[in-house]
Amino acid sequence: MTTKKIEIKVDIDCEKCKHAIMEAVTELEGVNIVSLDQEKSILTVVGTMDPVCVAEQLKKFNKKPVVISVGPPKKPDPKPDPKKDPCFIPYCYYTPRDMVSVNTYESGSGCTIV
């Protein structure tokens, strides 16, 4: 089965409801990621599970789920390839070195190292 992203609108009345929803959905086989936006009342589930199974699981808790969308999950942003970057320097040629200056006093005693 292919991985899909399901967005479901569900009523969230309190923290207890939120916890019950999250726990019920994570019990399903094939669920990889579950997130719940409390402000928008949207449950997002990513995995290989059946969207109908997710809705039926929510109905067991007297929730009225409304499926908003079912589709492929968003692919992660590709990391830039440093080899294609024109400013990329593959090797560091600069090695920081300490500058040492040795001075003797006119009397010839001692020295100062900076």
Side-chain angles (χ1 to χ4, degrees):
M1 294 183 87
T2 60
T3 303
K4 55 190 141 290
K5 176 182 174 183
I6 305 165
E7 290 185 342
I8 301 174
K9 182 141 179 96
V10 64
D11 293 329
I12 305 165
D13 302 324
C14 59
E15 283 296 317
K16 187 177 178 182
C17 295
K18 177 184 173 182
H19 181 70
I21 290 169
M22 296 290 280
E23 193 172 302
V25 174
T26 54
E27 290 176 357
L28 293 172
E29 186 176 336
V31 173
N32 296 338
I33 300 170
V34 178
S35 65
L36 187 59
D37 185 353
Q38 227 171 337
E39 292 175 3
K40 297 179 183 177
S41 296
I42 295 178
L43 173 70
T44 305
V45 185
V46 178
T48 58
M49 69 283 143
D50 185 13
V52 175
C53 291
V54 177
E56 286 177 357
Q57 188 76 359
L58 293 172
K59 286 181 184 178
K60 290 180 182 177
F61 291 94
N62 294 327
K63 299 297 174 185
K64 298 176 183 173
V66 178
V67 177
I68 298 172
S69 69
V70 177
K74 182 180 176 183
K75 294 182 181 178
D77 295 332
K79 294 181 181 178
D81 187 10
K83 294 178 183 175
K84 293 183 180 180
D85 186 8
C87 298
F88 176 69
I89 301 172
Y91 302 103
C92 184
Y93 295 107
Y94 172 74
T95 305
R97 303 211 190 293
D98 294 330
M99 184 174 157
V100 177
S101 172
V102 179
N103 296 323
T104 57
Y105 296 105
E106 291 179 12
S107 65
S109 65
C111 66
T112 304
I113 300 176
V114 181

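Counting from 1, the numbers follow the sequence of the chain as shown. Just the heavy atoms: all of them, side chains too, but no hydrogens, waters or symmetry mates, feed the values below.
With sequence neighbours left out, A20 forms a side chain to side chain contact (heavy atoms under 4.5 Å, CB included) with F61. Taking the side chain to side chain contact (heavy atoms under 4.5 Å, CB included) definition, one finds that I33 meets it with V46, sequence neighbours left out. Legend: residues meeting side chain to side chain contact (heavy atoms under 4.5 Å, CB included) with K59, ordered by chain and number and at least two apart, are P65. Taking the side chain to side chain donor-acceptor pair (under 3.5 Å) definition, one finds that T26 meets it with nothing, sequence neighbours left out.
For K9 (side chain) and K64 (main-chain N/O), no donor-acceptor pair under 3.5 Å exists by modelled atom type.
Within the structure, side chain to side chain donor-acceptor pair (under 3.5 Å) pairs that include any residue of residues 43-55 do not occur (at least two apart or interchain). Applying the salt bridge (charged side-chain N to carboxylate O under 4.0 Å, His left out) test to residues at least two apart or on different chains, the pairs with a partner in residues 11-27 are D13-K63.
Expressed to the nearest 0.5 Å, how far NE2 of H19 lies from SG of C14 amounts to 11.5 Å.
With a 4.5 Å cut-off between side-chain heavy atoms of Ile, Leu, Val, Met, Phe, Trp and Tyr, the cluster of I6 takes in I8, V10, I12, I21, M22, V25, L28, V31, V34, L36, L43, V45, M49, V54, L58, V67, V70. Alongside I68, the hydrophobic cluster contains I42 (criterion: ILVMFWY side chains under 4.5 Å).
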